[in-house]
Amino acid sequence: MQATPASSKHGLAAGLGQTPQRPDWTIDQGWAGYTAQEHAVWRTLFERQSRLLPGRACDEFIEGMRKLPIGAEQIPDFEQMSKVLRRQTGWEVVAVPGLVPDEVFFEHLAHRRFPAGQFIRQAHELDYLEEPDVFHDVFGHVPMLMNPVIADYIQAYGEGGLRAQRLGVLDKLARVYWYTVEFGLVLQPDGLRIYGAGIVSSFTETCFSVEDASPNRLRFDLARVMRTRYRIDDFQETYFVIQHLDELLGLANIDFAPLYVRVAAEPELEPGDVLDVDQVITRGTGRYHAAKRAI
Ligand code: HBI
Ligand code: FE
């Protein structure tokens, strides 16, 4: 979920500080070891989001969640979830201590293994944490992995990430992931809905992204997104909107190489920029981020 660890607020993210137990950085989830307090934090987060999401999360998210053994009572057991996930889209969930090196992350995704943080945030940091915990990864990402289009798209992202690293353009591809898998919106017949895990697992950003007047909401365009920087420590200034999840599958079949060349020749864009060529769905007031800059 976060940008490359080096760019996270406090230098190397906690997860990367440790030396890995295994070369692929996976660990045992150790489900029996979760304390009552940790299950209680899960319950608080789960119940808050579950009240917010109907009418705000996309139908595919609600449907995916319904089919999974994920409930309010306890932190889900990854093996039990993986049994359902494998049958549905061939994915499984593996436990990791936190952020793992990019190439390890991509290697897992390319083989339909989703690395999910084993730890859960503390009760005093419900609304912001530096790196993806089990609530962000499991509640935010796993339901969408039940959807065949997203399942194929994220595997393609893994394969693309390994290529992008070799080409030295990982930052461009990471923006595509960020503005879709993490912070993407989709236009349903009954209105704007969330499919991005970073939003759907965030109590405050869920409403901000689809209801607040502050952010821009622009029609998704691949080259445009590749040029656009993003925020890692606050709400997004711009959300990119696709017409249907199938649009992402189209991306999985594009040869990014010529696109990387074209984008490299164009200036990078700030998160709040709006271009004349943009298809604007709502033009934001920018009030939220302006107020923060004013402090
Ligand atoms: N590691 N566990 C974990 N989860 C992530 O979302 C993640 C990561 N490492 C790298 C990373 N994301 C991003 O830097 C890449 O998507 C570029
Ligand atoms: Fe994430």
Side-chain angles (χ1 to χ4, degrees), residues 1-9 11-18 20-27 29 45 49 57 61 64 78 91-121 128-145 150-151 153-184 194-202 205-206 209 225-226 228-233 236 248 251 256 260:
M1 167 267 191
Q2 318 293 355
T4 39
S7 62
S8 73
K9 268 193 318 180
L12 267 193
L16 289 186
Q18 304 159 11
Q21 276 180 29
R22 303 175 193 139
D24 67 359
W25 285 67
T26 56
I27 58 174
Q29 182 186 11
L45 292 164
Q49 284 314 98
F61 178 89
F78 290 7
W91 275 84
E92 59 187 293
V93 182
V94 292
V96 290
L99 286 173
V100 303
D102 290 344
E103 64 282 358
V104 171
F105 184 62
F106 294 128
E107 188 66 24
H108 280 302
L109 298 187
H111 294 89
R112 297 206 175 211
R113 293 188 299 266
F114 193 81
Q118 181 273 346
F119 72 101
I120 190 159
R121 67 196 75 177
Y128 178 73
L129 73 160
E130 179 183 287
E131 55 183 291
D133 72 340
V134 65
F135 186 75
H136 167 85
D137 280 330
V138 168
F139 186 94
H141 284 286
V142 175
M144 291 309 291
L145 285 173
I150 296 291
Y153 175 64
I154 296 187
Q155 179 182 16
Y157 174 77
E159 292 162 347
L162 294 168
R163 277 199 304 274
Q165 259 189 322
R166 283 196 289 275
L167 291 169
V169 289
L170 177 54
D171 56 337
K172 304 286 184 297
L173 186 69
R175 291 169 180 168
V176 181
Y177 185 82
W178 190 268
Y179 281 117
T180 56
V181 175
E182 293 296 354
F183 291 92
I194 303 161
Y195 71 94
I199 310 177
V200 87
S201 60
S202 160
E205 194 155 6
T206 291
S209 66
V225 164
M226 278 187 173
T228 309
R229 294 196 183 98
Y230 53 82
R231 310 289 300 255
I232 64 166
D233 55 0
Q236 299 309 307
L248 296 176
L251 300 187
F256 275 25
Y260 288 139

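Every number for a ligand or one of its atoms is a count from 1 in the order of the listing.
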Between CD1 of I154 and OG1 of T180, what distance do you get to the nearest 0.5 Å? 8.0 Å
Would you check, one step at a time, whether the test side chain to side chain contact (heavy atoms under 4.5 Å, CB included) holds for R229 with R175? CA-CA 7 Å; R229 294 196 183 98; R175 291 169 180 168; 3.7 Å; yes
Considering only N, O or S atoms of H136, the one closest to the Fe ion (ligand 2): NE2
Between F256 and V169, is the side chain to side chain contact (heavy atoms under 4.5 Å, CB included) condition met? List the steps. CA-CA 10 Å; F256 275 25; V169 289; over 6 Å; no
Closest to the Fe ion (ligand 2), which N/O/S atom of E182 is it? OE2
F114 vs L109, test: side chain to side chain contact (heavy atoms under 4.5 Å, CB included). Steps then yes/no. CA-CA 6 Å; F114 193 81; L109 298 187; 3.9 Å; yes
For atom 16 (O) of ligand 1, which candidate among Y157, F114, Y177, W178 provides the closest heavy atom? Y157
Check whether any N or O atom of G98, backbone or side chain, sits under 3.5 Å from an N or O atom of ligand 1, and answer yes or no. yes
I need the atoms of ligand 1 closer than 4.0 Å to a non-hydrogen atom of V100, numbered in the order shown. 1 (N), 2 (N), 3 (C), 8 (C), 9 (N), 10 (C)
Could you tell me whether the Fe ion (ligand 2) has an N, O or S atom of D137 under 2.8 Å away? no
Are W25 and ligand 1 in contact, using a heavy-atom cut-off of under 4.0 Å? no
Q49 and T206: CA distance, side-chain angles, deciding distance, side chain to side chain donor-acceptor pair (under 3.5 Å) verdict: CA-CA 9 Å; Q49 284 314 98; T206 291; 3.2 Å; yes
Any nitrogen or oxygen of P132, main chain or side chain, under 3.5 Å from a nitrogen or oxygen of ligand 1? no
Between CD1 on residue I27 and CD on residue Q21, distance to nearest 0.5 Å: 6.0 Å
